Each structure stands twice: as C-alpha cells, then as structure tokens.
Amino acid sequence: MRFWLMKSEPSEMSIDGLAARPEQTVAWDGVRNYQARNFMRNQMQVGDLVLFYHSSCPEPGIAGVAEVSRLACPDETQFDPVSKYFDPKATRENPRWFNVEIRFVRKTRLLSLKELRSYPELAGMRILQKGNRLSITPVDPAEWKFIEAKL
DNA sequence: GCCAACGTTGGC
DNA sequence: GCCAACGTTGGC
C-alpha cells in the first residue's frame, strides 16, 4: 500500500464536497500533467491512502484523508468537446489521460502549509519544495505516519 | 493581482 | 534536439 498527497482547489472540490458526494466518491479527472497521470495510471492501487490538500485558497493545507477506490481508467473528459479538459489529440483507441476515483475517509483539522513547513521531519516532502506544482505526489511512509499523528 | 517556477509547444 | 515563447500553478 502506498500513500499520496492530492491537491484540490476547494472551490472545485473540497473535503466537505467529497463527503457530500454520492457514495462519497469522485473521479479524479481533469489531470493534465504526465507525471501526475503516471502516478495514477501506473502506481495507484485501490486502498492506497491519500492526504487531501486544499490549494489556491486562503488557508492552504491538509484538510482530510481519502482512499483510492477505483483503479485508473481513461479520463472521459478528454473525449468531450464541451469539457474544458477536452484533448483533441486523445482518441478512444489511444487515450492520453487517465484518472482514479477516490473516496472520503475522514475530515481532519486543517494542517496548514505553514505548519507543515515547521516540521524538520517533513522537510523532504515534495509539496514543500520551492516551485513545486505537481498536484499528485507520493508520500513517504515515515512522513505519512508523522502527519497522521498530528491530524 | 503579482510573479516565480515549471511544463508544454512548436519553429528551426 | 534545442530553446524561446507561452500558459498554468499556487503561495503570498
């Protein structure tokens, strides 16, 4: 089992929004970055745990825990000309983008970015590196354990 | 709203 | 294959 951190703008999908979804699950579609796609398509397994991170908002930070509830499948939005995620270069025969589905596990206190930065134990986290923009990143088991104890 | 950092595109 | 230009991300 692996651990991940997934960023979401709360205005798009917050931890409360996830909890309110049917089955408390959501297709993690719209990812248009190859590294993030590869994590989903090649590595994510059902049951993997996810730190749900709120980004681009007044208080960025970890807001909850989710789990991978479905293996990666071709992202339907790439085929939809009306979608903002439409990709004219993708075909059904040769899909370019994939997404997993995640399910709500629990809401936590907000562990802010500022607080995350304050722990030397977490200094190696990808999300804390300068210029990091990757929306899906692996989380080291030791880092997961440390963070979970703080939530 | 600003802007640094990064990823992608496309001309050559 | 290089690299300049462009678009996006995301904290502040």
Side-chain angles (χ1 to χ4, degrees), chain A residues 2-21 25-44 48-68 71-140 142-144 146-151:
Chain A
R2 294 179 196 257
F3 303 105
W4 307 93
L5 182 144
M6 295 169 85
K7 292 182 196 171
S8 180
E9 300 188 17
S11 57
E12 296 286 320
M13 178 56 64
S14 65
I15 190 70
D16 289 330
L18 179 61
R21 294 267 311 166
T25 66
V26 70
W28 210 251
D29 57 19
V31 171
R32 294 294 179 267
N33 170 283
Y34 289 104
Q35 264 186 280
R37 177 204 69 180
N38 291 345
F39 284 140
M40 285 198 284
R41 189 187 60 183
N42 304 344
Q43 296 191 28
M44 283 193 178
D48 282 5
L49 289 171
V50 175
L51 294 170
F52 195 99
Y53 180 93
H54 286 174
S55 68
S56 292
C57 59
E59 273 196 295
I62 294 164
V65 178
E67 66 181 345
V68 176
L71 283 177
C73 297
D75 179 336
E76 282 300 315
T77 63
Q78 71 193 303
F79 308 124
D80 178 2
V82 175
S83 169
K84 64 174 170 176
Y85 300 120
F86 178 62
D87 184 343
K89 292 182 182 162
T91 62
R92 296 250 173 216
E93 296 68 36
N94 200 4
R96 183 183 281 205
W97 305 111
F98 292 76
N99 68 272
V100 296
E101 208 174 77
I102 66 166
R103 180 188 298 128
F104 175 82
V105 173
R106 68 189 175 108
K107 187 178 178 176
T108 65
R109 76 180 180 97
L110 188 95
L111 208 176
S112 70
L113 178 60
K114 193 177 165 193
E115 184 178 345
L116 287 169
R117 288 195 193 285
S118 75
Y119 300 122
E121 292 90 339
L122 303 179
M125 283 186 81
R126 183 95 184 241
I127 188 124
L128 302 181
Q129 306 312 306
K130 187 174 182 182
N132 166 69
R133 298 188 326 182
L134 198 53
S135 65
I136 299 177
T137 49
V139 174
D140 191 89
E143 291 165 349
W144 177 277
F146 183 86
I147 290 168
E148 204 180 29
K150 300 282 181 192
L151 291 174

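Note that the structure is a prediction, hence the values are computed from the model and not measured. Here is the naming used below: chain letters follow the sequence lines, and residue numbers restart at 1 for every chain.
In this structure the side chain of A:Phe146 reaches within 4.5 angstrom of the side chain of A:Glu121, judged on heavy atoms.
Ring planes of A:Trp28 and A:Phe52: perpendicular class, angle over 60° (limits at 30 and 60°).
By the salt bridge (Lys or Arg N to Asp or Glu O under 4.0 Å) test, A:Arg109 pairs with A:Glu115, sequence neighbours left out. Checked against side-chain hydrogen bond (donor to acceptor under 3.5 Å, both in side chains), A:Thr77 has the following partners two or more places apart in sequence or in another chain: A:Arg32, A:Asp75.
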For every nucleotide of nucleotides 3-11 of chain C, 5' to 3': is a protein heavy atom under 4.0 Å from its base (B), only from its sugar-phosphate (S), or from neither (-)?
----BBBBS

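Position along DNA chain B of the nearest nucleotide to A:Arg32 versus A:Lys130 favours A:Lys130 as the more 5'-ward residue.
Ring to ring, A:Trp97 and A:Phe86 are not that close: their centroids are 6.0 angstrom or more apart.
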